[in-house]
Amino acid sequence: MREVPSHFGPAHVDAAKYREMYSESVENPEAFWGREGKRLDWITPYTKVKDTDFTFGNVSIKWFHDGVINASVNCVDRHLAKRGDQTAIIFEPDDPKDPAQHITYRELSDKVNRMANVLLSQGVMRGDRVVIYLPMIPEAAYAMLACARIGAIHSIVFAGFSPDALANRINDCGAKLVITADTAPRGGRRTPLKSNADAALLHCSDKVRCLVIKHTGDQITWISGRDVDVKAMMEEVSPECPPRPMNAEDPLFILYTSGSTGKPKGVVHSTGGYLVYAAMTQEYVFDYHDGDVYWCSADVGWVTGHSYIVYGPLANGATTLMFEGTPTYPDAGRFWEVCEKHKVNQFYTAPTAIRALMGQGPQYVEKYDLSSLKVLGTVGEPINPEAWAWYDKYVGRGKCPIVDTWWQTETGGHMITPLPGATPTKPGSATRPFFGVKPVILDPTTAVKQDETAAEGVLCIADSWPGQMRTVWGDHERFQETYFSQYKGYYFTGDGCRRDSDGYYWITGRVDDVINVSGHRMGTAEVESALVAHQAVAEAAVVGFPHELKGQGIYAYVTLMNDVEPSDDLRKDLERWVRTEIGPIAKPDVIQWAPGLPKTRSGKIMRRILRKIAENDTGALGDISTLADPSVVDDLIANRANKG
Ligand code: ATP
Ligand code: MG
């Protein structure tokens, strides 16, 4: 257990305050959230706070539902009087030789208003959908807030997605227009976004317009009548666009899940409840204070970017950093160079990035002055203790609390997480619930709630919180089926979980990833964690496959460190290693050397594909449109280790 460092603080929330606030939040949610909702500016204040029903067949979630509000006013206008000249967004471009930009709240206001007027000029109306296919440039934030200003619903599609994936999303949400850029520099290369959008639009209604931000000035094809030069038009329109009063329950955005477990779902988030929750978690979980420089290295194409680059920080009047590049360009020190340069106080990234940088050696981080850092965060998957220790030692220099935040696209914001000034941490545990969150652990087969403190099973949430998704776009049935049908009366997260005797939560991976070997249930994450603890291993992914004797066998895909060659001796060594780390039952039946693993664009391993390969059922891989590099799959199939 790592105690809160004695030098830390004064924090917004200490241990005693956490206990007090948490109790009130779950015992008297009306009073608690009624107060917290006031952190936003309302056009018409709400009188209702919570109106939620988790009953299958009747699921309905409403918060602050008679309140009237505008999200862009909360993220921009209301800060102008006090912090018009404060930097709202620091933009750090892909190429470190290009200058960073500091965009003040006043400039942000000007851009958002102008972009909103551009949208209006294109006939975008309240409730219309706008797909945003942009890289990590300030215009992405302007576009989001411009939509919010006029009541349009945005749906961001990650700029690394293919034309097919883009077309599917444009069609699924029935977007009226798509906002893109000419090309997107990333890691020294350029993605041809506009030509991808052109290709996608061939599969969409010819009414869909294409708004283009000329970011690099690279040459692009232009379809007159359909394409619009956004920057040129922003110069022409008025810098004032009255915000539209929105109901708290009007959708703010749709975001498709990463698709690691199936066809992506169009997750719908609300305006009022979502924004309250994003703002509150950003402040408390990172212990953000006025004047801090905060950096979340995620992409706006996934929910972390929505809640923790744009909406949460800007609602709080924070300075938020947007980074266009990658952690390894021009070298593996880039993150730390940016932290030093902008004196970053809170830094938030994913375990997959940490592991990748760890594999390159500590020399890239040691040479930078990271003394400004106060809090480190991770999100996306369980962080293995080795990566935690490396992050702590080399990045945090042993003095920064690490917040391991468990949450989902569906939850809108952090759900189980330490608070830096309140919660002692254990490497690999997301620790305790955030305010208002009631986690429960159920037996996966009997659905019986586990009341003992120490327990293991599936993770469900017993009651609603304001940031919860409201529906699946156009398919409320699928929403109920996916989240409320398995365990009646609960929101089902899809994740497995263990609660230790201190009441700390450990996410063990997706329920689908729990395997049963000769009657022993184990999370594949545990075996992976053991494998990556071996010095030769950079990454590992473990799945089950049908096994005649054991029911399920263990199939491990192993990526070795750069300088290590695969060999039979190493294979035996890894088997021995897992036996001693976990026990004989966890010894992999099959180890396949994998130069690359199939990952989603948000860095998650798509285990369902690995399962198919392990089962030798490669004819039906399902939707792989969200993969970062689909060629990895062919390579894995060609080199299957389990030829039987
Ligand atoms: P899909 O639902 O389409 O398969 P996805 O679940 O990968 O996509 P996200 O909503 O981005 O899409 O990911 C949420 C999931 O990520 C969680 O359910 C959990 O499995 C995992 N996760 C996120 N943060 C953590 C964390 N701190 N510790 C453990 N697991 C985490
Ligand atoms: Mg999911």
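Indexing begins at 1, ligand by ligand and atom by atom, following the structure's order. In this chain, numbering begins with 1 at the start of the sequence shown.
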Check your understanding: For ligand 1, is any non-hydrogen atom under 4.0 Å from Thr409's backbone (N, CA, C, O), its side chain (CB onward), both, or neither?
Key -> both
Point to revise | Contact atoms of ligand 1, heavy-atom distance to Arg510 under 4.0 Å | key: 4 (O), 5 (P), 6 (O), 7 (O), 15 (C), 16 (O), 20 (O)
**Study point:** Whether over 12 other heavy atoms sit under 6.0 Å from Lys393 NZ
**Key:** no
**Study point:** Atom indices of ligand 1 within 4.0 angstrom of Trp407 heavy atoms, with elements
**Key:** 14 (C), 17 (C), 23 (C), 24 (N)
Point to revise | Polar proximity ligand 1 side, Thr405 side, N/O cut 3.5 Å exclusive | key: yes
Check your understanding: If only atom types and distance count, is the side chain of Tyr487 paired as donor or acceptor with the main-chain N or O of Leu442 below 3.5 Å?
Key -> no
Study note, to complete from the structure: Tightest non-hydrogen contact, residues Ile515 and Thr524, listed as CD1-CG2, 3.9 Å
Check your understanding: Can you check whether Thr257 has an N/O within less than 3.5 Å of an N/O in ligand 1?
Key -> yes
**Study point:** Which segment of Gln408 sits under 4.0 Å of ligand 1 when only heavy atoms are counted
**Key:** both
**Study point:** Numbering as shown, the atoms of ligand 1 that approach Glu410 to under 4.0 Å (heavy-atom distance)
**Key:** 10 (O)
Study note, to complete from the structure: Check: of Gly380, Pro382, Ser429, Ala350, min heavy-atom distance to atom 29 (C) of ligand 1 comes from Pro382
Point to revise | Salt bridge Glu381-Lys604, side-chain N to carboxylate O under 4.0 Å | key: no
**Study point:** Contact partition for Ala430 relative to ligand 1, non-hydrogen atoms under 4.0 Å
**Key:** neither
**Study point:** Short side-chain to backbone donor-acceptor contact, Gln408 and Thr493, under 3.5 Å
**Key:** yes
Exercise for review: Before giving the answer on salt bridge (charged side-chain N to carboxylate O under 4.0 Å, His left out), spell out for Arg355 and Glu539 the whole-Å C-alpha distance, their side-chain angles and the decisive distance to 0.1 Å.
Suggested key: CA-CA 8 Å; Arg355 279 195 302 271; Glu539 264 205 299; 3.2 Å; yes
Point to revise | SB check Arg498 Glu526 (cutoff 4.0 Å) | key: no
Check your understanding: Hey, which atoms in ligand 1 end up nearer than 4.0 Å to a heavy atom of Ile507?
Key -> 29 (C), 30 (N)
Review point. For ligand 1, is there an atom lying under 4.0 Å from some heavy atom of Pro264?
Key: no
Check your understanding: Is Asn345 close to Tyr294 at the side-chain level, that is, under 4.5 Å between some pair of heavy atoms?
Key -> no
Revision key, fill the gap. The atoms of ligand 1 lying under 4.0 Å from a heavy atom of Lys265, numbered in the order shown, are 2 (O)
Review point. Where does Thr600 meet ligand 1, judged by heavy-atom distances below 4.0 Å: at the side chain, the backbone, both, or neither?
Key: neither
Practice item. Provide the number and element of each atom of ligand 1 under 4.0 Å from a heavy atom of Asp404. Key: 26 (C), 27 (N), 28 (N)
Practice item. May I ask you to check whether Tyr504 and Thr425 show a side-chain donor-acceptor distance below 3.5 Å? Key: no
